[in-house]
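First the structure, in the form of structure tokens, and then the observations on it.
Reminder, nothing fancy here: chain letters follow the sequence lines and each chain counts from 1. For clarity, every value in this text was computed on a predicted model and none was experimentally measured.
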Protein chains: 2
Amino acid sequence: MSTAEETAGGETSAWGEVTPDAARRLLIAAVEAFAERGYHATTTRDIAGRAGMSPAALYIHYKTKEELLHRISRIGHEKALEILQTAARREGTATERLADAVSSFVRWHAGGRTTAKVVQYELDSLGPDARAEILGLRRQVNAEVRGIIEDGVASGEFDVLDVQGTTLAVLSLCIDVARWFNVNGPRTPDEVGVLYADLVLRMVGGAK
Amino acid sequence: MSTAEETAGGETSAWGEVTPDAARRLLIAAVEAFAERGYHATTTRDIAGRAGMSPAALYIHYKTKEELLHRISRIGHEKALEILQTAARREGTATERLADAVSSFVRWHAGGRTTAKVVQYELDSLGPDARAEILGLRRQVNAEVRGIIEDGVASGEFDVLDVQGTTLAVLSLCIDVARWFNVNGPRTPDEVGVLYADLVLRMVGGAK
DNA sequence: GGGCACGCTAAGCGCCCGCTCAGCTTCAGC
DNA sequence: GCTGAAGCTGAGCGGGCGCTTAGCGTGCCC
């Protein structure tokens with residue numbers, strides 16, 4: 001069912017930085033539980049149980065349940081930002097860089113749906129301080145995409161009236177993949193990435 | 001603040017069918033609370049308090065807290081479906097009907113963001129039976145949009161490779177407006193509707 | 001004006017939540 | 001073989017949750 005296998009699919013590697021081992025197992029258990037039921041519907045007993053531990057063990061590695069969500073959210077946002085930065089800063093035309101950014105960003109949201117769902121949809125469950133920190137990362141994410149679109153407009157590759165509105169729409173489209181993507185559905189993450197890159201290029205009036 | 005004013009903005013009229021008055025006030029209070037905090041983080045005491053009643057009053061009009069969410073979700077999905085059906089079945093080309101569908105659908109999600117957020121993002125908080133009923137309505141929503149796109153492909157107006165994939169993307173784009181739209185932001189619901197209609201027509205390779 | 005149905009409240013039941021703490025086990029250092 | 005630190009558990013705390021119940025006030029029928 002939804003064992004480590006599924007979460008592992010895209011990015012257990014991403015949790016490699018979390019040590020010690022017990023803390024990582026708890027974090028992965030929390031990602032799965034939050035993704036399945038939502039942050040508020042998940043109990044600390046459930047998280048500990050999935051990690052094969054007693055409820056008290058959680059509090060040796062994390063101060064509160066919210067700290068778990070905060071850590072997940074920050075690591076996830078950093079990964080998402082890194083993906084966009086890699087695509088934005090490579091060599092190539094704006095068209096190539098936008099297609100690359102969208103397809104890899106979408107691939108991450110589809111393949112790592114479990115993580116992405118928590119990262120993108122549980123922002124409001126964080127307290128004000130943690131939320132503010134994450135919003136800073138989200139502004140950087142927005143800036144990367146807007147930058148590529150501005151480059152394309154400047155070079156004449158794209159035809160866009162409302163750059164910020166289009167940026168918002170492109171990001172929204174990609175992020176929402178985490179909500180509807182079905183691992184057992186007809187499309188692979190790669191296929192969705194390719195489809196979405198095409199759709200986004202059409203949105204900016206590029207390639208044809 | 002977030003008084004009845006905000007919710008009223010788009011569609012208090014939509015709750016007109018809910019009687020008696022006390023039941024409607026409780027339902028509107030629940031919509032606001034669920035939108036602000038999420039279903040699981042909202043207490044029945046909070047809902048009753050917002051409606052100016054004691055916690056016990058809620059149970060005279062609704063059997064459980066979940067019944068409130070179920071009623072909100074069904075009425076909201078019926079309204080969303082009605083909006084798309086109206087656009088899909090009017091006179092006009094596929095291009096005109098798709099633009100109309102997207103702009104009015106988006107206008108509803110932006111203007112009635114409070115309701116739309118609950119309707120679109122709290123589906124998983126419903127029990128299996130209620131969830132299954134709502135999923136039926138969502139399939140009808142999908143079918144309306146796919147119908148317009150198929151018409152446009154048949155008439156040669158649109159150039160779409162993956163009809164179902166594009167349908168999913170169009171709906172996803174429109175629905176996600178409820179997540180990011182800010183009432184105090186720079187754009188009115190009308191403006192977002194117009195922008196999105198343009199973006200979607202580009203996605204299907206239509207109008208220029 | 002007596003009886004009663006209806007809408008509501010005050011009080012509180014039983015449960016399970018996030019979180020704590022005393023104490024057990026394991027193992028490295030000597 | 002003893003000691004201390006680290007990692008974990010069993011038991012349980014205070015509190016807030018969804019929901020219930022006994023009873024009060026009000027207005028309608030006769």
Which whole-number value in Å describes the distance from [X] [atom1] to [N] [atom2]?
X	N	atom1	atom2	value
B:Leu26	C:dT9	CG	C1'	14 Å
B:Tyr62	D:dG18	OH	C1'	17 Å
A:Arg25	D:dG7	CZ	P	13 Å
B:Ile60	C:dC8	CD1	P	6 Å
B:Asp21	C:dC6	CG	C1'	15 Å
B:His61	C:dC6	NE2	P	13 Å
B:Glu67	D:dC19	CD	P	10 Å
A:Lys65	C:dG18	NZ	C1'	8 Å

Given side-chain hydrogen bond (donor to acceptor under 3.5 Å, both in side chains), test A:Glu133 with A:His70 step by step and report yes or no.
CA-CA 10 Å; A:Glu133 188 207 315; A:His70 186 189; 2.8 Å; yes

Between A:Lys65 and A:Tyr39 (side chain of the first, backbone of the second, donor and acceptor by atom type, cut-off under 3.5 Å), is there such a pair?
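At least one qualifying donor-acceptor pair exists.
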
Exam field: side chain A:Arg50 to backbone A:Ala30, donor-acceptor pair closer than 3.5 Å
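Here the side-chain-to-backbone pair does not exist.
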
Pick the closest DNA chain C nucleotide for A:Lys63 and for B:Met53 by heavy atoms, then say which residue is nearer the 5' end.
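Per heavy-atom nearest nucleotide, the more 5' residue is B:Met53.
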
Rounded distance [0.5 Å steps], NE2 in B:His61 versus CG in B:Leu27:
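Going from the NE2 atom of B:His61 to the CG atom of B:Leu27 covers 11.5 Å.
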
side-chain hydrogen bond (donor to acceptor under 3.5 Å, both in side chains) between A:Glu67 and A:Thr64: does it pass, once the steps are laid out?
CA-CA 5 Å; A:Glu67 194 192 326; A:Thr64 61; 5.2 Å; no

Ionic contact status for A:Arg24 with A:Asp21, cut-off 4.0 Å:
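Salt bridge: yes.
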
Between D:dC8, C:dA11, C:dC8, which one does the side chain of B:Ala56 approach most closely?
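Nearest nucleotide to the side chain: C:dA11.
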
From D:dC19, C:dT9, C:dG18, pick the nucleotide closest to the side chain of A:Tyr59?
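Closest nucleotide among those given: C:dG18.
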
Residues from residues 38-48 of chain B lying under 4.0 Å of DNA chain D - heavy atoms:
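Under 4.0 Å from DNA chain D: B:Thr42, B:Thr43, B:Thr44, B:Arg45.
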
When you look at A:Asp124 and B:Arg37, which way does the salt bridge (Lys or Arg N to Asp or Glu O under 4.0 Å) test go after all the steps?
CA-CA 8 Å; A:Asp124 292 341; B:Arg37 306 212 221 289; over 6 Å; no

